[in-house]
Protein chains: 2
Amino acid sequence: MPRTDRPGLSRDQVLAAALRLVDRDGVAGLTMRRLGAELGVEAATLYYHVPNKADVLNALVDRAVVAALAAAPPGRPADWPVWLRELAVALRAELLRHPNLLPLAATRPVVAPAGLASVERVAAALCAAGFSPRRALHLINIVATTVLGHTLAEAGHTPGHEDVSPDTEELATRIDRSGHPVLRAAVAAGLGRPDDDQARFELAMDALFTGLVARARPDA
Amino acid sequence: MPRTDRPGLSRDQVLAAALRLVDRDGVAGLTMRRLGAELGVEAATLYYHVPNKADVLNALVDRAVVAALAAAPPGRPADWPVWLRELAVALRAELLRHPNLLPLAATRPVVAPAGLASVERVAAALCAAGFSPRRALHLINIVATTVLGHTLAEAGHTPGHEDVSPDTEELATRIDRSGHPVLRAAVAAGLGRPDDDQARFELAMDALFTGLVARARPDA
DNA sequence: TTGACTCTCTAACGCTGTTAGACGCAGACT
DNA sequence: AGTCTGCGTCTAACAGCGTTAGAGAGTCAA
């Protein structure tokens, strides 16, 4: 059963299909056999275009991180806080475009090798603002880690997260019955509602950047 | 071949063995068959004491989170920042005791059901300091998420993380060759060295709490 | 026509989580 | 003493996983 209609698969097609599968069914739904089926091909065939599954996952994360950092505004050294914060917001937005990929991204080194150039660019801008290279990278790492942590937490209680993590509503009712007055009051006040994640993220960013600016003054 | 020597397994023994296995071999090393072997029992036997593997993992995370929050100091309402920060430090220390468990903890809802009581306790203390319940839980979530994010990043590049994430040293030399001057300077200045994670975490906490305090003043 | 190269296939290996059903042992009841 | 009940464990098996080996089409060049 030859495939005369297609000129042959490519690594990019495999990765694209893999991302499609992850977006649709989650990381657990990505299987070499399913990935093959998605491309009209047997599972073993994939190994001609890709060394193994781990490489596929790594590549997906790599691409996502690069895309996220590429979305960064150019960045003038003056007023680095507003610019760095814009980067954080862009990073969050980009990461949330593929929520199912987040658990993967979080358990790998924060900066994928392919993203080094992007990091260098951001770091250089911070250095131009007066930070030492080490300090600049600390800042980048802090912001990236914080964004990743919050994004991960947000995506954790969105649909399709395979395991039976109780959805927000069920958790809310359970809290309601559990006789914890403060928790109950917080839920009644809107905790856990859809826009609550956004609000909390912004609060965290406000605090983080307020603190960063305050601490940057004395010792640059 | 009866087991006259042991009065029968218990769920707790299974969980303890599971944690032992995860600490030793990572999450990927935890297999029902291996878990059985660790207890001198066949894999199928485990299903008499435990519903399935997912439940084991959930229970492990639950316990870790509870232990971490239990390590929190009692917390007097006055000077909540130092106290909340102590909690953050304790949380980090506790989470780092089982680094291999972190990827699991990070992809689950931040607060495990069993830990609700602990959360309530912390939240109540914050409310006594003048925060609204919702605000108090936002604060807790922010601190917990930030700590988890940073801890996860730290544990990400510690040994035994199964996949081939380049270790720090190899990454450093790769950076050195890659012609990115700022990155190179940062590595030369000590970025990535063992105590660098700790330094970055403390910097992040300093900034976060400075900002939280500053923002708490106006609107409590 | 022959040869090499590219791409895909079938078949299989050892591993995984999980279920069904049988077996032996303990204690309680008759 | 005999019988029954239930607990704890076993063996055997299922479908699915990632991965490899080797065969076999198809295309292009000499």
Side-chain angles (χ1 to χ4, degrees), chain A residues 1-22 24-61 100 103-104 107-108 161-165, chain B residues 1-22 24-61 100 103-104 107-108 161-165:
Chain A
M1 208 186 298
R3 324 222 103 268
T4 54
D5 53 344
R6 215 191 326 91
L9 236 41
S10 74
R11 177 181 165 89
D12 278 306
Q13 290 176 57
V14 172
L15 293 181
L19 184 56
R20 228 178 302 139
L21 230 49
V22 169
R24 193 201 306 150
D25 305 325
V27 177
L30 175 57
T31 290
M32 295 305 270
R33 284 171 170 85
R34 280 220 269 249
L35 182 51
E38 176 85 8
L39 293 161
V41 142
E42 226 56 33
T45 300
L46 300 173
Y47 288 84
Y48 187 84
H49 305 278
V50 146
N52 50 45
K53 187 182 179 181
D55 177 81
V56 172
L57 297 178
N58 278 322
L60 290 188
V61 172
N100 291 336
L104 248 50
T107 55
R108 268 144 237 262
H161 205 42
E162 76 232 31
D163 61 21
V164 283
S165 81
Chain B
M1 207 183 298
R3 326 220 103 270
T4 54
D5 53 343
R6 216 190 329 90
L9 237 40
S10 73
R11 175 182 166 90
D12 279 304
Q13 290 177 55
V14 172
L15 293 182
L19 183 56
R20 229 179 301 140
L21 230 50
V22 168
R24 193 201 307 149
D25 305 326
V27 178
L30 175 57
T31 288
M32 295 305 269
R33 282 172 172 84
R34 280 220 268 249
L35 183 50
E38 176 87 7
L39 293 161
V41 141
E42 226 56 35
T45 301
L46 300 172
Y47 287 85
Y48 187 84
H49 306 278
V50 145
N52 49 46
K53 187 181 178 181
D55 178 80
V56 172
L57 296 178
N58 278 321
L60 290 187
V61 172
N100 291 336
L104 247 49
T107 55
R108 263 141 244 260
H161 205 41
E162 75 234 31
D163 61 21
V164 282
S165 83

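Chain letters run A, B, ... following the sequence lines, proteins first, then strands; residues in each count from 1. Just so you know, these numbers use all the heavy atoms, side chains as well, and skip hydrogens, waters and symmetry mates. Because the structure is a prediction, the values reported are computed rather than measured.
One atom, CD of A:E42, and another, P of C:dT8, lie 11 Å apart when rounded to the nearest Å. Rounded to whole Å, the distance from CG on B:L35 to P on C:dT16 is 12 Å.
Between A:L30 and A:L57, some side-chain heavy-atom pair lies under the 4.5 Å cut-off. Using a 4.5 Å heavy-atom threshold, the side chains of B:T107 and A:T107 count as separate.
In the helix from C:dT1-D:dA30 to C:dT30-D:dA1, the end axes, each obtained as the rotation axis mapping the C1' atoms of four pairs onto the next four within a five-pair block, lie 30° apart to the nearest 10 degrees.
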Give me the distances for all protein-to-nucleotides 21-23 of chain C N/O pairs that come in under 3.5 Å?
none

Using the 3.5 Å cut-off, write out each protein N or O paired with an N or O of nucleotides 17-21 of chain D and the distance between them.
from   : atom 1 : to    : atom 2 : distance (Å)
D:dC17 : OP1    : A:T31 : OG1    : 3.2
D:dG18 : OP1    : A:M32 : N      : 3.4
D:dG18 : OP1    : A:K53 : NZ     : 2.8
D:dG18 : OP2    : A:M32 : N      : 2.9
D:dG18 : N7     : A:R33 : NH1    : 2.7
D:dG18 : O6     : A:R33 : NH2    : 3.0
D:dT19 : OP2    : A:Y47 : OH     : 2.7
D:dT19 : OP2    : A:K53 : N      : 2.9
D:dT19 : O5'    : A:Y47 : OH     : 3.3

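Annotation: the span from B:D25 atom CG to B:R20 atom CZ amounts to 12.0 Å, rounded to 0.5 Å. A distance of 11.5 Å separates CG of B:N100 from CG of B:L60, quoted to the nearest 0.5 Å. Taking CG of B:L35 as the reference point, atom CG of B:L19 lies at 11.0 Å (rounded to 0.5 Å).
The side chain of B:H49 places no N or O atom within less than 4.0 Å of a non-bridging phosphate oxygen (OP1 or OP2) of D:dC7. Remark: B:Y48 is not in phosphate contact with D:dT9, judged by side-chain N or O atoms under 4.0 Å from OP1 or OP2.
Here B:R34 pairs with nothing under the side chain to side chain donor-acceptor pair (under 3.5 Å) rule; sequence neighbours left out. For A:R33, there are no side chain to side chain donor-acceptor pair (under 3.5 Å) partners two or more places apart in sequence or in a different chain. A search for side chain to side chain donor-acceptor pair (under 3.5 Å) contacts involving B:D55 returns B:R11, not counting sequence neighbours.
Applying the side-chain hydrogen bond (donor to acceptor under 3.5 Å, both in side chains) rule to pairs touching residues 44-53 of chain B yields nothing, sequence neighbours excluded. The salt bridge (Lys or Arg N to Asp or Glu O under 4.0 Å) analysis of residues 41-50 of chain A, with sequence neighbours excluded, yields no pairs.
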